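Read through the structure below, which is laid out as structure tokens, and then see the notes.
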Amino acid sequence: MKNKLLVISGPSGVGKGTLVKALKARRADVVESISCTTRSPRTGETHGKEYFFLTKEEFLRRIEENDFLEYDEHFGNYYGTPKSFVRQMLQEKSVILEIDVVGALNAKKAIPESVLIMIAPPSVDELKRRLIGRGTETHEAIENRLSRLEYELSQQDKYDYVVINDELERALGELERILDAD
Ligand code: ADP
Ligand code: 5GP
């Protein structure tokens, strides 16, 4: 079966990272692209694993060199998908990009066969609980992230699939079916 580019978006705290990690653990035919960002690493994050952490100068230079499939700015930092890295990985496996709505639509423009998947929360209250429970953000950062929620969810109709992350196992099964669909 042809390798797919799965582009996964959804509000911060909805469970994208958890779902992608579980999918990778289950499927040897799936890898995740590593994005570049100018934000600082969170505790436990390392360069080349969660992200390639670049200085703003390095990031701007790579934009000039047309090195990104897409890039965008969030919360005062740049985030981008390295083009050559994704192309290389697609030779061997299906590739997952975990990016925001604007980035996902840009990725679809660059690679029209991309499969866009929106992960949605079962409810706004549950999303808040997960975001607070994760404990990685300040109160202000949480408010900032929640303020984007309505916009992100309003973009659902531009996606190929919407997967509600209610029960992890159920949502995971849905992602596997998308991966295996013709
Ligand atoms: P994202 O990557 O979308 O920002 P995370 O994967 O970091 O979100 O998940 C946010 C929090 O929600 C984490 O603490 C995670 O353990 C929890 N979580 C993820 N999926 C579920 C689920 N289906 N049910 C309950 N909690 C979940
Ligand atoms: P975080 O700082 O929580 O890791 O990510 C913040 C936001 O940046 C999330 O909405 C995430 O999806 C988005 N993001 C991460 N990598 C990329 C990327 O390569 N491109 C774009 N456009 N957004 C990204």
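Note that the coordinates shown come from a computational prediction; the quantities given were computed from them, not determined experimentally. The basis for the numbers below is simple: all heavy atoms, side chains too, and nothing from hydrogens, waters or symmetry mates. Atoms within a ligand are numbered from 1 in the order they appear, just like the ligands themselves.
Because its NZ or CZ atom is not both nearer than 6.0 Å to the ring centre of Tyr79 and within 45° of the ring axis, Arg39 does not count as a cation-pi partner of that residue.
Listed by first and then second residue, the salt bridge (charged side-chain N to carboxylate O under 4.0 Å, His left out) pairs that reach into residues 66-82 are Arg62-Asp67, sequence neighbours excluded. Within the structure, no pair that satisfies the ring-ring contact (aromatic ring centres under 6.0 Å, His included) test touches residues 120-179, not counting sequence neighbours.
For the pair Arg61 and Glu58, the salt-bridge criterion is not met [side-chain N within less than 4.0 Å of a carboxylate O]. The pair Asp100-Lys16 does not meet the salt-bridge criterion, since no charged nitrogen lies less than 4.0 angstrom from a carboxylate oxygen.
Shown are Leu153, Asp166, Asn165, Ile164; of these, the side chain to side chain contact (heavy atoms under 4.5 Å, CB included) with Pro121 is made only by Leu153. Residue Glu137 is tested with Lys128, Arg42, Arg130 for a salt bridge (charged side-chain N to carboxylate O under 4.0 Å, His left out); the sole match is Arg42.
For atom 23 (N) of ligand 1, the nearest protein heavy atom (residue, atom name, distance) is Asn165 OD1, 2.9 Å. For atom 8 (O) of ligand 1, the nearest non-hydrogen atom of the protein is Gly15 N, 3.1 Å. Considering only non-hydrogen protein atoms, atom 7 (O) of ligand 1 sits nearest to Arg134 NH1, 2.9 Å.
Listed by chain and number, Ser35, Arg39, Arg42, Tyr51, Glu70, Asp72, His74, Phe75, Tyr79, Gly80, Thr81, Glu98, Ile99, Asp100, Gly103, Arg145 each place a non-hydrogen atom less than 4.0 angstrom from ligand 2.
Remark: Glu65 CD is packed, more than 12 non-hydrogen atoms of other residues, nucleotides or ligands lying under 6.0 Å away. More than 12 heavy-atom neighbours from other residues, nucleotides or ligands sit within 6.0 angstrom of NZ on Lys24.
Residue Pro11 touches ligand 1 through its backbone alone, judged by heavy-atom distances below 4.0 Å. No part of Leu131 comes within 4.0 Å of ligand 1, judged by heavy-atom distances.
Side chains of Leu97 and Ser33 form a contact here, defined as non-hydrogen atoms less than 4.5 Å apart.
Near Gly17, meaning under 4.0 Å from one of its heavy atoms, ligand 1 places the atoms 1 (P), 2 (O), 6 (O). Annotation for ligand 1: atoms under 4.0 Å from non-hydrogen atoms of Ser12 are 4 (O). Close contacts of ligand 1 with Asp166, meaning ligand atoms under 4.0 Å from a residue heavy atom, involve 22 (C), 23 (N), 24 (N). Using a 4.0 Å cut-off to heavy atoms of Thr18, the atoms of ligand 1 that qualify are 5 (P), 6 (O), 9 (O), 15 (C), 19 (C). Every atom of ligand 1 is numbered from 1 in the order shown, and the set under 4.0 Å from a heavy atom of Lys16 is 1 (P), 2 (O), 3 (O), 4 (O), 6 (O), 8 (O).
With atom 24 (N) of ligand 1 as the reference point, the heavy atom nearest to it among Glu167, Arg170, Arg130 is part of Arg130.
Minimum heavy-atom separation, Ala120 to Gln156: CB-NE2, 3.9 Å.
For Lys158, the salt bridge (charged side-chain N to carboxylate O under 4.0 Å, His left out) test picks out no residue, with sequence neighbours left out.
Considering backbone and side-chain N/O of Glu126, none are found under 3.5 Å from N/O of ligand 1.
At a 4.0 Å cut-off, at least one heavy atom of Gly13 sits close enough to ligand 1 to count as contact.
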